[in-house]
Amino acid sequence: MDALNLISRSQGFYVRAIDDGPIEEWPEFFTDDAFYKVTTADNHSRGLPAGVIWANNKAMLKDRVSALKDANIYEPHAYRHMLGQPAILEEDRTGATSETSFLVLRVTGNGPTDVFASGRYLDEYVFIDGKALLKKRIVVCDSSRIDTLLVLPL
Amino acid sequence: MSEGNRPATAMAERTWPRSLTEVPYWVFQDEEVYKAEQENIFHGPFWSYLCLEAELAEPGDFCATFIGEQPVLVTRDHDGEIYAFENRCAHRGALIAMEHYGHAKDFTCVYHAWTYNLQGDLTGVAFEEGINGKGGMGKDFCKAAHSPRRLRLANVHGLIFGSLNNDVPQIEEYLGQEILDRIERLLGDRKPVVLGRFTQTLPNNWKLYMENVKDSYHASILHLFFTTFGLNKLNQKGGIIVSENGGHHVSWSAINREAEAASHYKDQKIRSDSGYQLEDPSLVDSFSEVGDDITLQILSVYPGFVLQQIQNSIAVRQVLPTEVGSTNLNWTYLGFEDDSEEQQLIRMKQSNLVGPAGYVSMEDGAIGGFVQRGIAGASNEFATVQMGGDQALSSESRVTEASIRGFWKVYRAAMGFSIEEEA
Ligand code: FES
Ligand SMILES: [Fe+2]
């Protein structure tokens, strides 16, 4: 399979894990040493390193999941990710770098569907056993504002 | 008489409870109160946090920010000094600068190109003389008389505070020695570096967020991250400092490092009674921030500023009301110039504790909204703020609402409400 196919397949299941569950599958789209960060376009363009979520290994992503399931308190809510076509920037047999735009809608409690975030994924994928795994994902949100809180990952 | 006195008069028609333990819910809901706050609090004799000195490192650097809803522009000029003035063109009111953080030689209003220097003086009026002797400004127009209003400024260990009011006391007197000492503890003689800036929009009145910040009673109840994962530290000592006037506070706690070392925190995954554990416990590996044992210090300055140390996560928070039921919370995450690589890494990991997705702070983003929704229909009812008595004094116990009472003590006086007669 070519890079576009591998990445598209992987991303389809990635958003499914977050939006429809089980959320425990979300860390499995990453390599053990993966880097994952959620930031904003303003921070990204200024080269500021911090994230609203910042992880440099898969264990930290698993901790995100167990915290949101067992520790943190928030009003129940759900996302719906709409992804654009991945733009493959570089590729070879072992992996690829790509960018994908996203729109995330959020429904909190019995409220309406709100636009929660738009932005782009800046990704490095490795291909292992016919599957694309994220070695690095920087989630760059277009807006500098985050409404109320960010519990589920993007 | 300044225009600022009008809302105060209107507010005198409202009665506030005599006891500091009762807070009327209308104060979070009423549009008239919200408008009066802009005059009496944000344009009143108080100091508001604007930005960090470190964010204006070079001459020409500027920051467009707010005091309440009032847009202000903070700059560094070529004389090395910091200036601040209202970010509103003297002509017909457009914003002078729009970028949040930027760099400029001078400012030109986009509407009709009036220009301002970095100190906020009006220096140029396009077509001031008209064209071919026709049009232009009248002979009696004096640019100097039309410059935007300047703010009073104070620099407290690199934190820039501003006030729109000339009657504001000196910052040292305003904060008091105990608060100054705690700011110095964290920022004194250190060079902060900005690691990131995030804005969290809160679906609630700004004062509900300030109550939450000052509420040391909720911390171990609402925020279950540390307890769930069995990360509560041993032998915590701590306390609450409430400033003399009541408006500012510090909540702090310290660990016993010897006891902690003996319990193998660093070497093994900790099993809590609940059976949960972190897959990567290095999240809570920390170093002594300034050489003492204090691992938590939440400090607030009235009306809307917070300086935070949660382990090695250092941040400032600026609380900006945008509507009666809506608030912008601006987070600036900090490190320091002499941080080692290892320390930088720890700060990055611990940035997960705070902010809009913070393990120990995300609840605070939503809780104000739960109150705002909960009190709909209860304008004539009161919150009960009785934990730890009815005074606004410092205490060793953090199971107290003393600093919340202190906030309301300053607030009700500043707003000019009539205080209920003694029964
Ligand atoms: S409003 Fe600024 S120049 Fe006219
Ligand atoms: Fe809290």
Side-chain angles (χ1 to χ4, degrees), chain A residues 24 27 32-77 108-111 114 116-117 139-141 143-154, chain B residues 99-101 193-204 221-229 274-283 313 315 328-335 344-345 347-352 354-370 373:
Chain A
E24 287 83 352
D32 288 346
D33 61 348
F35 181 82
Y36 174 82
K37 174 164 97 166
V38 177
T39 187
T40 68
D42 187 64
N43 281 282
H44 187 71
S45 66
R46 292 176 193 273
L48 298 176
V52 284
I53 299 179
W54 191 100
N56 66 352
N57 61 58
K58 186 169 164 178
M60 287 183 82
L61 302 180
K62 289 185 176 170
D63 288 336
R64 271 280 156 192
V65 173
S66 43
L68 76 86
K69 293 204 67 141
D70 300 316
N72 287 120
I73 295 165
Y74 49 88
E75 193 167 6
H77 61 277
T108 304
N110 53 8
D114 294 320
F116 177 59
V139 182
V140 182
C141 297
S143 170
S144 297
R145 297 184 185 185
I146 291 168
D147 177 49
T148 311
L149 45 60
L150 188 148
V151 182
L152 297 166
L154 292 170
Chain B
E99 214 184 337
H100 192 187
Y101 288 90
V193 176
V194 173
L195 301 179
R197 300 188 190 103
F198 301 100
T199 297
Q200 192 174 3
T201 56
L202 307 176
N204 54 263
I221 303 169
L222 175 65
H223 306 303
L224 292 179
F225 177 77
F226 283 124
T227 354
T228 301
F229 291 101
S274 53
Y276 295 104
Q277 60 189 55
L278 284 178
E279 294 263 340
D280 183 358
S282 72
L283 181 81
S313 161
N328 279 351
L329 176 61
N330 290 330
W331 295 83
T332 306
Y333 298 0
L334 300 179
Q344 278 173 24
L345 182 64
R347 295 205 199 280
M348 285 300 117
K349 288 193 179 187
Q350 293 189 357
S351 66
N352 287 293
V354 300
Y359 286 136
V360 298
S361 75
M362 70 167 77
E363 286 92 1
D364 295 328
I367 200 73
F370 298 166
R373 280 148 65 189

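First the proteins, then the strands, lettered A, B, ... as listed; each starts at 1.
In this structure, B:Asn352 and A:Ile53 approach most closely via the heavy-atom pair OD1-CA, 3.6 Å. Between B:Ser351 and A:Gly51 the shortest heavy-atom distance is OG-O, 3.7 Å. Between B:Phe198 and A:Ala50, the closest heavy-atom pair is CZ-O, 3.7 Å.
We find the OG-NE2 distance between A:Ser144 and B:His100 to be 8.5 Å, quoted to the nearest 0.5 Å. In this structure, B:Leu345 CG and A:Trp54 CH2 are separated by 5.0 Å, a value rounded to the nearest 0.5 Å. Rounding to the nearest 0.5 angstrom, the gap separating the CG atom in A:Asn57 from the NZ atom in B:Lys349 is 6.0 Å. Here B:Thr228 contributes atom OG1 and A:Ile73 contributes atom CD1; the two are 8.0 Å apart, rounded to the nearest 0.5 Å. To the nearest 0.5 Å, the span separating CE on B:Met362 from CD1 on A:Ile146 amounts to 11.0 Å.
For the pair A:Val52 and B:Trp331, the minimum side-chain heavy-atom distance is 4.5 Å or more. Between B:Met348 and A:Pro49, the closest side-chain pair of non-hydrogen atoms falls below 4.5 Å. Side-chain contact between B:Gln200 and A:Leu150 is absent, with no heavy atoms from C-beta onward closer than 4.5 Å.
The greatest number of non-hydrogen atom pairs below 4.5 Å with chain B, out of A:Lys58, A:Lys62, A:Met60, is found for A:Met60. When the candidates A:Leu149, A:Thr148, A:Leu48 are compared by the number of heavy-atom contacts under 4.5 Å with chain B, A:Thr148 comes out ahead. Here B:Asn328 is the residue among B:Asn328, B:Val360, B:Ile367, B:Leu202 with the most heavy-atom pairs under 4.5 Å with chain A. Counting heavy-atom pairs under 4.5 Å between each of B:Gly369, B:Gly368, B:Ser282, B:Gly365 and chain A puts B:Gly365 at the top.
Atom CG of A:Asn110 has 12 or fewer heavy atoms from other residues, nucleotides or ligands within 6.0 Å.
Panel note: side chain A:Asn72, backbone B:Tyr359; a donor-acceptor pair is recorded below 3.5 Å. With hydrogens and angles ignored, the 3.5 Å screen pairs a side-chain donor or acceptor of A:Asp63 with a backbone N or O of B:Asp280.
Every residue two or more places apart in sequence or in another chain that forms a salt bridge (Lys or Arg N to Asp or Glu O under 4.0 Å) with B:Arg373 is listed here: A:Glu75. In this structure B:Arg347 satisfies the salt bridge (Lys or Arg N to Asp or Glu O under 4.0 Å) test together with B:Glu289, B:Asp339, sequence neighbours excluded.
In this structure, chain B has heavy atoms under 4.5 Å from both the backbone and the side chain of A:Asp147. For A:Ser143, no part sits under 4.5 Å from any heavy atom of chain B, backbone or side chain. When heavy atoms are compared at a cutoff of 4.5 Å, A:Arg64 approaches chain B by way of both its backbone and its side chain. Heavy-atom distances place the side chain of B:Phe370, and not its backbone, under 4.5 Å from chain A. Heavy atoms closer than 4.5 Å to chain A are found in the side chain of B:Tyr333, but not in its backbone.
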